[in-house]
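Quick one: structure below, then a few questions.
Because the structure is a prediction, the values reported are computed rather than measured. Just so it is clear: chains get the letters A, B, ... in the order the sequence lines come, proteins before strands, and each one is counted from 1. Side chains are part of it too, since the values below use all heavy atoms of this structure and drop only hydrogens, waters and symmetry mates.
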Protein chains: 2
Amino acid sequence: MKDSTAEKPANIGAESRQDAHLDRVFHALSDPTRRAIVQRLSQSSGTVSTLAEPFDMSLNAVSKHLKVLEHAKLITRDIVGRTSVCSLNVDPLQNATEWITQYTQFWTDVLDSFESHLDTDASENHTSIEKDACS
Amino acid sequence: MKDSTAEKPANIGAESRQDAHLDRVFHALSDPTRRAIVQRLSQSSGTVSTLAEPFDMSLNAVSKHLKVLEHAKLITRDIVGRTSVCSLNVDPLQNATEWITQYTQFWTDVLDSFESHLDTDASENHTSIEKDACS
DNA sequence: GTTATATTCAACCAAATGGTTTAGGGTTTG
DNA sequence: CAAACCCTAAACCATTTGGTTGAATATAAC
């Protein structure tokens, strides 16, 4: 249901460009301050000091967080006068969800068909996967 | 479709349990080795040595990665004999996508209606958001 | 031109991360 | 029992991270 020719099995341990970008995106989202900034920017663009204002930390710290987000291409900057206006870019967020749903969707599909197949059983934990362990 | 009363605006900088869990999930996914493990586990459960085999690193390193995934509740372990069988748990993955799509979905909706509103214009960059900068 | 404002850069620091090696605890197997 | 096997624990190391402070740069305002 996906590509089957373009994806080389690849020696695990070699890291593609795409992978490196996902690294940065997920890492950027792994910090509560940065997630709050993304949240905030989803409503409107903002300058650095505007974005820094709600947080109990130095402006420089927020500036660094913004640089992390920028490096992950989650935000773009627009320098206007002496201010730097940051805007959200949702592309990497969609890449991230695509990566995740590749696996969640698979399992929800499988489990849906599984449950509809024996539609009277009460499965107490239908999210942990046991399948065939180490064939 | 979700809670709307339970979410307090919260002093930014205070971190809820939910947030701390998202921290761990996103952090867990920010490493290519761990993502490869998740990928691998989405097909079948596996023992630690089975999971470690494709990687060019010590077993202990993989063991640590698994502990990170376990701490993020992305995997569960089932100790059988002297082996530890790891299985994927998709719940946190769904939490992560829910958090992300909260913002991507908003914008794709907005931009969809925007584009359908002036349905002849060619917008060259409809993913970077500029809106009202620092009202 | 001087001063205030907005932001970045650089140096520094403690703590966490990702890896290693060595040792140890259970569990099978001979 | 002894030896091999699977895995975790602990100590160690280099690098990164997330924060600080202080100086530097550039624009705006006076």
Side-chain angles (χ1 to χ4, degrees), chain A residues 12-15 19-38 41 45-72 74-87 133-135, chain B residues 12-15 19-38 41 45-72 74-87 133-135:
Chain A
I12 310 285
E15 187 158 8
D19 273 6
H21 184 226
L22 269 187
D23 287 1
R24 289 186 225 110
V25 173
F26 280 125
H27 169 69
L29 295 178
S30 74
D31 183 275
T33 303
R34 288 192 293 260
R35 279 202 310 279
I37 291 174
V38 168
L41 284 179
S45 307
T47 66
V48 174
S49 31
T50 302
L51 293 171
E53 186 261 328
F55 299 105
D56 189 21
M57 70 180 68
S58 74
L59 184 80
N60 287 23
V62 174
S63 181
K64 283 215 229 170
H65 280 304
L66 290 173
K67 197 146 59 179
V68 171
L69 290 167
E70 189 181 19
H71 195 222
L74 278 164
I75 66 174
T76 56
R77 293 179 125 110
D78 193 8
I79 295 178
V80 40
R82 62 182 158 180
T83 70
S84 168
V85 179
C86 302
S87 310
C134 50
S135 60
Chain B
I12 312 284
E15 188 159 8
D19 274 6
H21 184 226
L22 269 186
D23 288 1
R24 288 185 227 111
V25 173
F26 281 125
H27 169 68
L29 295 178
S30 74
D31 183 276
T33 303
R34 288 192 293 260
R35 279 202 310 280
I37 290 174
V38 168
L41 284 179
S45 308
T47 66
V48 175
S49 33
T50 302
L51 294 172
E53 186 260 330
F55 299 104
D56 190 20
M57 70 180 69
S58 73
L59 184 81
N60 287 23
V62 174
S63 182
K64 283 215 230 170
H65 281 304
L66 290 174
K67 197 147 58 179
V68 171
L69 290 167
E70 189 181 20
H71 193 222
L74 278 163
I75 66 174
T76 55
R77 292 178 125 109
D78 193 8
I79 295 178
V80 39
R82 64 182 157 179
T83 69
S84 168
V85 179
C86 302
S87 311
C134 52
S135 61

Can you tell me how far C1' of dT17(C) sits from CG of Asp31(B), to the nearest Å?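 For the pair Asp31(B) CG and dT17(C) C1', the rounded distance is 9 Å.
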His65(A) side chain to Thr33(A) backbone, donor-acceptor under 3.5 Å: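 Here the side-chain-to-backbone pair does not exist.
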On DNA chain D, does the nearest nucleotide to Gly81(A) precede the nearest nucleotide to Leu59(B) from the 5' side, or the other way round? Give the residue.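 Mapping each residue to its closest nucleotide by heavy atoms, the 5'-most match is Leu59(B).
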Are the side chain of Arg35(B) and the backbone of Asp19(A) linked by a donor-acceptor contact shorter than 3.5 Å?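 Yes; at least one donor-acceptor contact below 3.5 Å.
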Between Leu69(B) (CG) and dT17(C) (P), how many Å, whole number?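 Spelled out: CG on Leu69(B) to P on dT17(C) is 13 Å.
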Answer yes or no: side-chain N or O of Arg82(A) and base N or O of dT7(C) forming a donor-acceptor pair under 3.5 Å.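 Side chain to base: no pair below 3.5 Å.
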Starting from C1' on dT17(C), measure out to NE2 on His27(B) and report it in whole angstrom.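 The answer, rounded to whole Å, is 7 Å.
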Taking any heavy-atom pair under 4.0 Å as a contact, classify Ser58(B): base, sugar-phosphate, or nothing.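 Answer is base: heavy atoms of Ser58(B) come under 4.0 Å of a base.
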Measure CD/Glu15(A) against P/dG18(C) and give the value in whole Å, please.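 For the pair Glu15(A) CD and dG18(C) P, the rounded distance is 12 Å.
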Is the side chain of His71(B) donor-acceptor paired with the backbone N or O of Arg24(B) at a distance under 3.5 Å, no angle test?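 It does not hold such a pair.
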Please give, in whole Å, the distance from dA16(C) C1' to Arg24(B) CZ?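 Result: 15 Å.
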Ile37(B) CD1 - dG18(C) P separation (whole Å):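 About 11 Å, once rounded to whole Å.
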Rounded distance in Å - CE (Met57(B)) to C1' (dG18(C)):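 So the CE-C1' distance, Met57(B) to dG18(C), works out to 8 Å.
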Are the side chain of Arg34(A) and the backbone N or O of His27(A) linked by a donor-acceptor pair below 3.5 Å?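 Yes, because the side chain of Arg34(A) sits within donor-acceptor range (under 3.5 Å) of the backbone of His27(A).
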How would you give the extent of chain B contacts on DNA chain D, as first and last nucleotide 5' to 3' within a 4.0 Å heavy-atom cut-off?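 Extent of the interface on DNA chain D: dA4(D) to dA10(D).
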Over all heavy atoms of both residues, which pair between Phe26(A) and Ser30(B) is shortest? Give the atoms and the distance, please.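 Scanning both residues, the minimum pair turns out to be CB-CA, 3.6 Å.
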Determine to 10° how strongly the helix from dG1(C)-dC30(D) to dG24(C)-dC7(D) is bent, judged from the axes of its five-pair ends.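 That helix gives 20° between its end axes.
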Please confirm whether the shortest side-chain N or O distance from Ser49(A) to OP1 or OP2 of dA6(C) is below 4.0 Å.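 So the side chain of Ser49(A) is outside the cut-off, no N or O lying under 4.0 Å from OP1 or OP2 of dA6(C).
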Hey, does Val38(B) have a side-chain heavy atom less than 4.5 Å from the side chain of Leu41(B)?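 They are not in contact (no side-chain heavy atoms under 4.5 Å apart), so the answer is no.
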Spacing of CG belonging to Leu29(A) relative to CG belonging to Leu29(B), to within rounding of 0.5 Å: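 Going from the CG atom of Leu29(A) to the CG atom of Leu29(B) covers 10.0 Å.
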Interatomic spacing from CG in Leu66(B) to CD1 in Ile75(B) - rounded to 0.5 Å: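 With rounding to 0.5 Å, CG (Leu66(B)) is 4.5 Å from CD1 (Ile75(B)).
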Check the distance between dT17(C)'s P and Lys64(B)'s NZ and give it to me in whole angstrom.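 The distance from NZ of Lys64(B) to P of dT17(C) comes to 10 Å, rounded to the nearest Å.
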List the atom of Ala52(A), the atom of Leu59(A), and the distance in Å for their closest heavy-atom pair.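 Taking every non-hydrogen atom into account, CB-CD1, 3.5 Å.
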